[in-house]
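Everything on this sheet refers to the single structure shown next.
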2 protein chains.
Amino acid sequence: MESSATNFRELCQQHGIAVTHQRQVLFEIMQGMHGHPSPEEVYARVKKKIPAISLATVYKNIHLFVESGIFREVSMHHGTLRVEMNSRPHHHMVCSMCKSISDIDEADLGLLPSHQKLPGGFLVERYAVDVIGICPDCQAKKSN
Amino acid sequence: MESSATNFRELCQQHGIAVTHQRQVLFEIMQGMHGHPSPEEVYARVKKKIPAISLATVYKNIHLFVESGIFREVSMHHGTLRVEMNSRPHHHMVCSMCKSISDIDEADLGLLPSHQKLPGGFLVERYAVDVIGICPDCQAKKSN
DNA sequence: TAGTAAACGATAATTCTTATCGTCTGTCAA
DNA sequence: TTGACAGACGATAAGAATTATCGTTTACTA
């Protein structure tokens, strides 16, 4: 069985990024965390292993991991407060390139909820679907 | 046909909030905006009609509208950067009370995408579904 | 193993949002 | 109507999250 160190080294080589001690510890700790920790929470954990690490390094490497496709952001939405004024039942199309958000009617999406109660006893109020992909503008730019 | 002023007055009475000039102009401008504007963008528009308005007032009233259920937030997610380390295909259950996020396997959700290309030519890469509702903990608290 | 590009830590700066506070206004009862 | 009072307002300071800067150190390639 390969060690996780070897795996991480290969992962970095695949993505063309340098293997540093900080980066490796960060990666391993993040992989071992459940849920969706904030950068601060990750920082707190990593600090136990590398007391001298900087919060900026944590941010920089989380972004690097996300850009490389090693991890993924939970929400594609903008960081600022965004409000919904379209009162018709609809969902969102989010462009993975330009991050633009456009609305799509529920009926046009062709997806409908089927359960009222999910495993664990979670009581469903509504579904919010982000369709992630490439918007027409970015498709055009891509093929140029 | 009722004027929009009357509508807004009734809306405020329904929600037990005062009708102020700022609030009314803000509401009307937001209703007339497309997409999902940021507070800054809304502020810029409102300023043309009420030059003396404060950005804090815009924030306070957007929150008020959201809390009252007049408008809705685009994303229920936390404002901070959150990273996904679960590599299995899954979606999220977001509690509308405590804002906690937990994972649910795609298979358990019972929802599957049916289209590859949506109206407008948007090219689908993947779906990210937020199931919004009440988590078991908050259901328990609620009934107390 | 030397040169170079990139990564690091420290910290200043920026951005977004919220809190504070003195003044003003909308609401409601008289 | 009017007067009292809670709540809303504007100005701005404060706070939280994130990013930029910069001098030093480290990893990769030849």
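Just so we're on the same page: letters track the sequence lines, and every chain starts at 1.
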Using OP1 and OP2 only, check whether a side-chain N or O of [X] sits under 4.0 Å from [N].
X	N	result
A:Arg23	C:dC8	yes
B:Gln13	C:dT27	no
B:Tyr59	C:dT18	no

Seminar exercise, completed: A:His21 atom NE2 is separated from C:dG9 atom P, nearest whole Å, by 11 Å
For this session: Rounded to the nearest angstrom, tell me the gap between atom CD in A:Gln24 and atom P in C:dA7.
Result: 15 Å
For this session: Using a 4.0 Å heavy-atom cut-off across all strands, classify A:Ile17 as base, sugar-phosphate, or nothing.
Result: nothing
For this session: Give B:Glu40 one of three labels, base, sugar-phosphate or nothing, depending on what nucleic acid heavy atoms sit under 4.0 Å from its own.
Result: nothing
Problem set entry | Partners meeting side-chain hydrogen bond (donor to acceptor under 3.5 Å, both in side chains) with B:Thr80 (sequence neighbours left out) | B:Arg82
Exercise. Hey, are A:His34 and B:Asp103 close enough side-chain-wise for a donor-acceptor pair under 3.5 Å?
Worked result: no
Would the distance check show the side chain of [X] and the main-chain N or O of [Y] forming a donor-acceptor pair, the cut-off being under 3.5 Å?
X	Y	value
B:Glu67	B:Leu64	no
B:Asp108	B:Ile104	no
B:Ser68	B:Ile70	no

For this session: Using the criterion of both pairing distances under 3.5 Å for Watson-Crick and G-U wobble pairs, give all stems of 3 or more consecutive pairs involving DNA chain D.
Result: C:1-30 with D:1-30
Seminar exercise, completed: With sequence neighbours left out, the residues meeting ring-ring contact (aromatic ring centres under 6.0 Å, His included) with A:Phe71 are A:Phe27, A:Phe65
Problem set entry | Positions of residues 48-57 of chain A (non-hydrogen atom under 4.0 Å from DNA chain C), listed by number | A:Ala52, A:Ile53, A:Ser54, A:Ala56, A:Thr57
Exercise. If you find the nucleotide of DNA chain D closest to A:Gln22 and the one closest to A:Lys60, which residue's nucleotide is nearer the 5' end?
Worked result: A:Lys60
Seminar exercise, completed: Note: for B:Leu64 and B:Leu81 on DNA chain D, the residue whose nearest nucleotide lies more 5' is B:Leu64
Exercise. On DNA chain C, nearest-nucleotide positions of B:His63 versus B:Ala18: which is more 5'?
Worked result: B:His63
For this session: Side-chain contact test, heavy atoms from C-beta onward, threshold under 4.5 Å: evaluate it for B:Val83 versus A:Arg72 and give yes or no.
Result: no
Exercise. Less than 6.0 Å separating the ring centroids of B:His92 and A:His36?
Worked result: yes
For this session: Could you tell me from which nucleotide to which nucleotide of DNA chain D, 5' to 3', there is an atom under 4.0 Å from chain B heavy atoms?
Result: D:dA8 to D:dT18
For this session: Would you please test A:His90 and A:Glu84 for side chain to side chain contact (heavy atoms under 4.5 Å, CB included) and show each step?
Result: CA-CA 10 Å; A:His90 72 281; A:Glu84 189 63 78; 3.1 Å; yes
Problem set entry | For B:Gln24, the option from B:Gln22, B:His21, B:Glu28 that meets side chain to side chain donor-acceptor pair (under 3.5 Å) | B:Glu28
Could you tabulate the donor-acceptor pairs under 3.5 Å formed by side-chain atoms of residues 42-52 of chain A, not counting sequence neighbours?
from    : atom 1 : to      : atom 2 : distance (Å)
A:Tyr43 : OH     : A:Lys47 : NZ     : 3.2

